[in-house]
Amino acid sequence: MRRSRVAVAQMAPILGDVEKNLALHEKAAREAISQSVNLLVFPELSLTGYFLKDQVTSVALTEQAPALDVLRNLSHRVAMVVGFVEEAPGHRFHNAAAYLEGGEIRHIHRKVYLPTYGIFDEQRYLAAGARIQAFDTALGRMAILICEDLWHPATAGIAAWDGAEIILCPSASPGRGLGQAEPFQNASTWERVIRAYGDLFACFVVYANRVGYEDGACFWGGSEVVGPTGQALAKAGYLEEELLVVEVEGGALRRARVANPLLRDERLELTLQEVQRILRARGGDPG
Amino acid sequence: MLDLRLNCDTARRVLTGFIDNEVRKAGFERVVVGLSGGVDSSLSAFLAAEALGPGNVWGILMPYRTSNPESAAHATLVVEALGIHSLTVDITSMVDAYFATFPDADQVRRGNKMARERMTILFDHSARLGGLVLGTSNKTELLLGYGTLHGDMASAVNPIGDLYKTQVRQLARHLKVPTVIVEKQPSADLWAGQTDEAELGFTYEEVDRVLYLLVDQRYEVADLIAEGFDERFVRAVYHKVQASQYKRRLPVIAKVSSRTIDRDFRYPRDWGR
């Protein structure tokens with residue numbers, strides 16, 4: 001893994017306006033380039049905004065969409081993770097994030113777990129992705145998991161077992177449960193989860209959350225980059241836009257894996273065997 | 001589990017940010033708020049003054065001839081503390097003119113009419129001043145349906161609708177709303193001597209605990225009874241929430257087409273904003 005400067009664009013996308021959001025991306029990318037950033041991670045659905053409802057089909061882009069050319073071009077100078085609604089063949093619409101590098105899209109992750117409860121309604125509008133896969137980049141091996149994906153611990157496990165050194169997590173997390181915790185109850189849970197993953201999987205976790213308001217819901221920000229011992233290496237403020245920049249390096253990852261060789265000792269056959277046993281016992285019942 | 005304490009610094013940031021964002025997104029920079037002299041409208045005004053600047057907030061006082069003079073005095077305290085614009089529109093002549101035709105109308109009809117008269121004045125000033133009407137209904141009264149539909153429940157943006165009454169008081173203290181307003185007995189001031197708690201038959205402290213567990217913490221009625229809450233009280237609260245559901249929704253539309261507003265025609269309120 002190469003020593004590199006990673007940044008999170010903690011921004012507030014404009015709901016349903018791809019053109020204006022492209023301009024915001026371009027601006028953030030130019031700022032990141034001026035700070036010698038190698039990888040810039042945008043939040044979930046950064047090109048469209050989150051609570052789209054029936055607008056999903058109107059803002060969708062195919063992988064080849066010319067609208068993305070400006071970002072493809074910028075990716076010669078800074079690699080980027082960008083969130084968008086992907087219109088896939090067969091007119092299936094996905095909550096997706098693309099990894100752009102060297103002038104092209106190198107990988108697309110389609111959100112696997114679409115939350116449809118409480119404030120969320122994703123399965124009504126979107127199709128679920130069917131793959132969790134790490135991929136190689138010029139900076140190291142990475143995996144993308146979008147927001148809710150990360151609340152299912154197996155996804156982070158799969159990413160790590162597939163060799164990811166950096167888990168990239170674009171997110172659009174609306175604050176819920178304003179009480180004593182700073183800033184929201186669900187924000188505290190997020191922070192515990194991503195730090196635990198950094199620790200357990202001895203990898204970097206880049207959590208890119210958005211800010212701003214949609215229909216009264218407030219996205220809390222607080223993006224952070226977690227190191228392979230579970231510490232937050234850098235953290236953005238809550239509720240405000242920010243470009244969070246931090247340097248990551250493979251030495252820290254190596255040391256963490258030497259000190260705590262959990263990944264070496266992982267027993268995937270055992271996991272698979274037990275998962276298969278559980279599935280057989282359920283007999284097709286989702287449990 | 002049963003902790004209604006707020007992190008007031010965060011609440012203040014989130015709610016002032018909300019006002020600023022939702023008002024500007026809609027293409028406005030001003031708000032119009034009806035000031036009753038109570039803690040809810042005072043808190044809304046304090047938040048708006050902080051979010052938009054006092055010069056962008058219009059507090060409208062709308063007394064009726066039987067209103068308690070203390071209400072206007074307290075509303076004036078808010079206007080002076082914040083340095084916002086203010087205006088008094090006495091609603092006596094219009095309300096009395098109407099009830100001259102219906103002299104037998106009871107207190108409830110008269111109270112609702114006053115609330116709706118005030119609503120029309122606020123929305124008229126919304127057009128006159130180019131400002132959105134700021135909501136002043138809290139979560140407790142919205143859930144209980146303790147408000148007048150299309151009256152005090154009407155607004156364009158409501159910063160305090162997800163705060164229980166006891167939380168409104170916490171945040172009001174934090175923002176330094178005058179103590180006399182925070183500590184007085186809440187009243188709709190629709191007739192002499194009216195207080196919310198006498199009319200409802202319980203205190204806000206009591207009902208907020210039950211609502212918080214029922215709504216926020218997803219307790220079933222049976223769970224609350226098992227926890228030792230008074231069964232009759234819990235059922236009465238549940239019934240009020242259920243019976244007032246219609247006040248929290250748009251009018252029900254007979255579905256005949258292939259795509260019906262709010263059923264299968266679903267866009268965010270912030271659509272195109």
Side-chain angles (χ1 to χ4, degrees), chain A residues 11-21 45 48-59 116-126 172-188 210-222 237-241, chain B residues 1-26 51 132 134-135 139 142 155-164 166-168 170-171 174 208 212 215-218 258-273:
Chain A
M11 41 97 75
I14 296 157
L15 186 60
D17 196 328
V18 174
E19 200 177 320
K20 282 189 185 149
N21 287 322
L45 293 177
T48 62
Y50 182 71
F51 287 110
L52 291 159
K53 301 193 171 189
D54 280 0
Q55 289 176 101
V56 160
T57 56
S58 310
V59 299
T116 306
Y117 57 85
I119 193 176
F120 304 109
D121 223 1
E122 289 189 36
Q123 278 184 49
R124 181 181 171 89
Y125 305 102
L126 295 155
S173 174
R176 271 127 47 228
L178 180 65
Q180 293 283 288
E182 167 74 8
F184 287 99
Q185 196 180 57
N186 67 318
S188 313
R210 57 162 292 182
V211 291
Y213 294 78
E214 286 180 4
D215 276 9
C218 162
F219 300 92
W220 52 273
Y238 297 121
L239 307 170
E240 284 173 356
E241 293 191 282
Chain B
M1 214 44 156
L2 185 44
D3 187 354
L4 282 153
R5 283 174 304 164
L6 278 182
N7 179 333
C8 286
D9 285 321
T10 305
R12 180 183 198 158
R13 279 185 77 187
V14 169
L15 300 180
T16 52
F18 162 83
I19 294 170
D20 178 66
N21 185 277
E22 294 292 349
V23 169
R24 288 183 207 283
K25 253 190 322 209
L132 291 181
L134 194 67
K139 188 172 187 175
L142 288 173
S155 70
V157 290
N158 181 353
I160 64 165
D162 209 13
L163 296 181
Y164 288 105
T166 48
Q167 295 176 318
V168 164
Q170 285 174 54
L171 188 58
H174 182 79
D208 280 0
Y212 176 72
V215 176
D216 294 62
Q217 297 297 327
R218 296 172 184 267
S258 58
R259 211 169 167 212
T260 307
I261 294 157
D262 257 22
R263 290 295 285 279
D264 34 24
F265 176 81
R266 299 190 185 199
Y267 286 85
R269 184 177 159 106
D270 287 349
W271 188 15
R273 305 282 181 201

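The chains referred to below are lettered A, B, ... by the order of the sequence lines, with proteins before strands, and numbering in each begins at 1. Only this structure's heavy atoms are used, side chains among them; waters, hydrogens and symmetry mates stay out.
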Can you confirm whether more than 12 heavy atoms, excluding those of B:Arg263, are under 6.0 Å from its CZ atom?
no
Chain B: which of A:Gly179, A:Gly16, A:Cys218 shares the most heavy-atom pairs with it under 4.5 Å?
A:Gly179
So B:Arg266 and A:Asp121, do their side chains get closer than 4.5 Å, heavy atoms only?
yes
Can you check side-chain contact (heavy atoms from CB on, under 4.5 Å) on A:Tyr213 and B:Val14, steps first, answer last?
CA-CA 9 Å; A:Tyr213 294 78; B:Val14 169; 4.2 Å; yes
Within the distance-only criterion (no hydrogens, no angle test), does the side chain of B:Glu22 pair as donor or acceptor with the backbone N or O of A:Gly216 below 3.5 angstrom?
yes
Whatever's closer than 4.5 Å to a heavy atom in chain A on B:Asp264 counts as both
Apply side-chain contact (heavy atoms from CB on, under 4.5 Å) to B:Asn158 and list each qualifying residue two or more places apart in sequence or on a separate chain.
B:Ser137, B:Leu142, B:Ser155, B:Ile160
Euclidean distance, B:Thr10 OG1 relative to A:Phe184 CZ, rounded to 0.5 Å
7.5 Å
Which bit of B:Arg273 is near chain A, if near means a heavy-atom gap under 4.5 Å: side chain, backbone, both or neither?
backbone
Heavy-atom cut-off 4.5 Å, strictly under: side chain, backbone, both or neither for A:Arg124 against chain B?
side chain
CG (A:Leu178) and CG (B:Leu171) are apart, to the nearest 0.5 Å, by 9.0 Å
Sub-3.5 Å donor-acceptor pair from the side chain of A:Asp215 to the main-chain atoms of B:Arg269, do we have one?
yes
For A:Pro183, is there any backbone N or O sitting under 3.5 Å from a side-chain donor or acceptor partner on B:Arg13?
no
Please list, chain by chain and in numerical order, all residues satisfying side chain to side chain donor-acceptor pair (under 3.5 Å) with B:Gln170, sequence neighbours excluded.
none
By a 4.5 Å heavy-atom criterion (distance strictly below it), what part of A:Ala181 contacts chain B: side chain, backbone, both, or neither?
backbone
Per-residue contact mode, B:Asn21 against chain A (heavy atom under 4.5 angstrom):
side chain
Looking at B:Pro268 and A:Gln55, what are the two nearest heavy atoms and their distance?
CG-NE2, 3.4 Å
Quick check on B:Arg259: does its CZ atom have over 12 non-hydrogen neighbours (other residues, nucleotides or ligands) under 6.0 Å away?
yes
Roughly how far, to the nearest 0.5 Å, is the OH atom of B:Tyr267 from the OG atom of A:Ser58?
5.0 Å
Does any heavy atom of chain B fall under 4.5 Å from the side chain of A:Asp17, the backbone, both, or neither of them?
neither
